[in-house]
S.K.: 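Structure in structure tokens, see below.
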There are 2 protein chains.
Amino acid sequence: MSLPHAILTALLEKPSSGLELTRRFDKSIGYFWSATHQQIYRELGKLESEGYIRALPSEQPARGQKKSYEVLPAGRAELARWTAASQDPKPLRDTMLLRLRASAVVGTAGVEADLRRHLALHQRQLAEYEGIQERDFPPDKDTPQDRLRHLVLRAGIDLETFWTQWLAHALEEFERLPAPEPE
Amino acid sequence: MSLPHAILTALLEKPSSGLELTRRFDKSIGYFWSATHQQIYRELGKLESEGYIRALPSEQPARGQKKSYEVLPAGRAELARWTAASQDPKPLRDTMLLRLRASAVVGTAGVEADLRRHLALHQRQLAEYEGIQERDFPPDKDTPQDRLRHLVLRAGIDLETFWTQWLAHALEEFERLPAPEPE
DNA sequence: AGCAACATGTAATGGGTTACATGATTCG
DNA sequence: CGAATCATGTAACCCATTACATGTTGCT
């Protein structure tokens, strides 16, 4: 229920076409919301038909043609309403944790290699976020908007930090574990 | 694609009926995987028809009758296969982070109250996990299985710790923010 | 007998994922 | 002109969520 609001936010920050949105979701928006181009195009159509956004008039609408969108007042109002509304946090669902719990019953074969791979992935992600932090949030940029966006990036950085530390700890445990399969 | 494997893991740890599984998912399994009773019943039917689990023969099958399941060898093999297979981590999707980013554009009205509410929820969750840790993982319990399960619980505890700290930090930022709506 | 709690389901909806389809532009 | 890339979509499937339906057990 939040993809349309993620798109409205992105379009308010900067009017974009579908593919540009996809790239921004892969890049800087990805640390709090992810989406594929199929989701985005479907949602852009829905948002347009609901009167929340409109295509910028400059471009002609054709199949392979770039089509940029901007947010209409109704879209901004809907985003403000949704942002202010109370929402419950979603319960966790993490495959790696489940696999670890399962490996206590069916054996740890194969898991350690993937723990290492995930550690490398999270370390790379962390480094990327820290790069964004240095580039986009120097100490002198300090408007309320910057502070809020930095806060969100900080969450991404802290989460990746958590994962790298937890995965490193998990690997230490694995080295202390006896070699044969349990159960 | 992991709900069936979560159920297989839970059933291997202890054969259960649908409602018992639901309670265990609410309780101790919830810190790495969540599921409702509807999902569980549907999946139990599928797992049974695939030959991964079977109903314990002692009970007669009727509508309001308790029906317990146990895992068959094929189910255990499938769980072992899935656990060992390499899987990519799923990208983050967090509504609160999105709302904060949106509030940088449409104003922060209403968000602060929900930040406080979430902080309280995460603090309660953290306290609950720490209770489980004290009850279920005393220092003398130290089999490989215990270590692996403790590792998973540790992730839940550390994640809740992260959220409480980040939310507290966010609330501090809000107090430093100028009162009027940005943009 | 009536009611609450237990227990197992069905149906409808909506979002996410994967695979595929199609037109336009650019570059060799 | 052919291939790669850019750009916008369509279709099918699966999973999660919500609301609803139905039978059973135990208690008063």
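Below, read A as the first sequence line, B as the second, and so on, with proteins coming before strands; counting in each chain starts at 1. The model shown is predicted, which means the values in this text are computed figures rather than measured ones.
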S.K.: Of the nucleotides C/dG9, D/dT8, C/dT18, which one has an atom closest to the side chain of A/Lys67?
M.R.: D/dT8
S.K.: Applying side-chain hydrogen bond (donor to acceptor under 3.5 Å, both in side chains), name anything that partners A/Asp26, two or more places apart in sequence or on another chain.
M.R.: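 Expected list: none.
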S.K.: Please enumerate all residues that pass side-chain contact (heavy atoms from CB on, under 4.5 Å) together with A/Ala102, with sequence neighbours excluded.
M.R.: B/Thr9, B/Leu79, B/Thr83
S.K.: How long is the line joining NE2 of B/His37 and P of D/dT22, in whole Å?
M.R.: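 Going from B/His37 (NE2) to D/dT22 (P), I get 15 Å.
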S.K.: How many Å lie between CD on B/Gln38 and C1' on D/dC20, as a whole number?
M.R.: 10 Å
S.K.: What are the residues of residues 15-35 of chain B, sorted by number, that bring a heavy atom to within less than 4.0 Å of DNA chain C?
M.R.: B/Ser17, B/Gly18, B/Leu19, B/Arg23
S.K.: Which of residues 39-49 of chain A have a heavy atom under 4.0 Å from DNA chain C?
M.R.: A/Gln39, A/Arg42, A/Lys46
S.K.: List the steps, then state whether salt bridge (Lys or Arg N to Asp or Glu O under 4.0 Å) holds for B/Arg54 with B/Glu70.
M.R.: CA-CA 6 Å; B/Arg54 67 163 182 185; B/Glu70 67 177 356; 2.5 Å; yes
S.K.: For residues 92-117 of chain B, which residue pairs qualify under ring-ring contact (aromatic ring centres under 6.0 Å, His included), counting only residues two or more places apart or in two chains?
M.R.: none
S.K.: For B/His122, what residues pass the side-chain contact (heavy atoms from CB on, under 4.5 Å) criterion, not counting sequence neighbours?
M.R.: A/Pro89, B/His118, B/Glu160, B/Trp163, B/Thr164, B/Leu167
S.K.: Which parts of residues 83-100 of chain A get close to DNA chain D, meaning a heavy atom less than 4.0 angstrom away?
M.R.: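 DNA chain D contact set from residues 83-100 of chain A: A/Arg93.
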S.K.: Excluding sequence neighbours, so at least two apart, what forms salt bridge (Lys or Arg N to Asp or Glu O under 4.0 Å) with B/Asp136?
M.R.: none
S.K.: Who are the side-chain hydrogen bond (donor to acceptor under 3.5 Å, both in side chains) partners of A/Glu78, not counting sequence neighbours?
M.R.: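 With neighbours one apart ignored, the set is A/His5, A/Arg81.
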S.K.: Please identify each residue that fulfils side-chain hydrogen bond (donor to acceptor under 3.5 Å, both in side chains) with B/Ser86, with sequence neighbours left out.
M.R.: A/Asp114, A/Arg117
S.K.: Quick one: B/Leu3 CG to C/dT17 P, roughly how many Å, whole number?
M.R.: 16 Å
S.K.: Name all residues meeting the side-chain hydrogen bond (donor to acceptor under 3.5 Å, both in side chains) criterion together with B/Thr161; count only those two or more places apart in sequence or in a different chain, and write none if there are none.
M.R.: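 Residues passing side-chain hydrogen bond (donor to acceptor under 3.5 Å, both in side chains) with B/Thr161: none at all.
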S.K.: Name all residues meeting the salt bridge (Lys or Arg N to Asp or Glu O under 4.0 Å) criterion together with A/Asp146; count only those two or more places apart in sequence or in a different chain, and write none if there are none.
M.R.: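 Result, salt bridge (Lys or Arg N to Asp or Glu O under 4.0 Å) vs A/Asp146: A/Lys141.
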